[in-house]
Amino acid sequence: MAKPIPRLSAEEIKRVIATAWTDLPPYSKVLMEHGLGQGELVQLMKRELTPTAYKQWAAQGKGVKAPTKKAQWPYGK
C-alpha cells in the first residue's frame, strides 16, 4: 500500500498536477521537485482529477518508452 498523501495546500496541489502533466514519464520530475513518490502521485491525481482526465494522464505516462542504449563496438556500430 502506498504512503498516505501529505497535506498540501491548494496552491501546492496545483503545482504538483501541472508538473505531472508536463513531465514524461510523469514520476521523476515530481519526485525531485515536490518529494512525492509514484504511489502518492497516483493517489493525488485520482483524488483531484476527473475520471476522464486521470485516464488521459495515466495513458500519457504509459505511452512513453524508456530511453534506449546506443549500441557500442564490437556489438554494433
**Asked** Atom CZ in Arg15, atom OG in Ser9: separation rounded to 0.5 Å?
**Response** 6.5 Å
**Asked** Which distance, rounded to the nearest 0.5 Å, do you find between the OG1 of Thr22 and the NZ of Lys29?
**Response** 4.5 Å
**Message:** List the residues meeting side-chain contact (heavy atoms from CB on, under 4.5 Å) with Lys46, not counting sequence neighbours, and say none if there are none.
**Reply:** Val42, Tyr54
**Message:** Once side-chain contact (heavy atoms from CB on, under 4.5 Å) is applied, do any residues pair with Arg7, and if so which ones, sequence neighbours excluded?
**Reply:** none
**Item:** Euclidean distance, Leu31 CG relative to Leu41 CG, rounded to 0.5 Å
**Value:** 9.5 Å
**Asked** Is any side-chain heavy atom of Trp21 closer than 4.5 Å to a side-chain heavy atom of Val16?
**Response** no
**Item:** Interatomic spacing from OG1 in Thr19 to CD in Glu33 - rounded to 0.5 Å
**Value:** 5.0 Å
**Atom pair CD/CD1 of Glu48 and Ile17 - distance to nearest 0.5 Å** = 5.0 Å
**Request:** Give, for atom CE of Met45 and atom CD1 of Ile13, the distance between the pair rounded to the nearest 0.5 Å.
**Result:** 11.5 Å
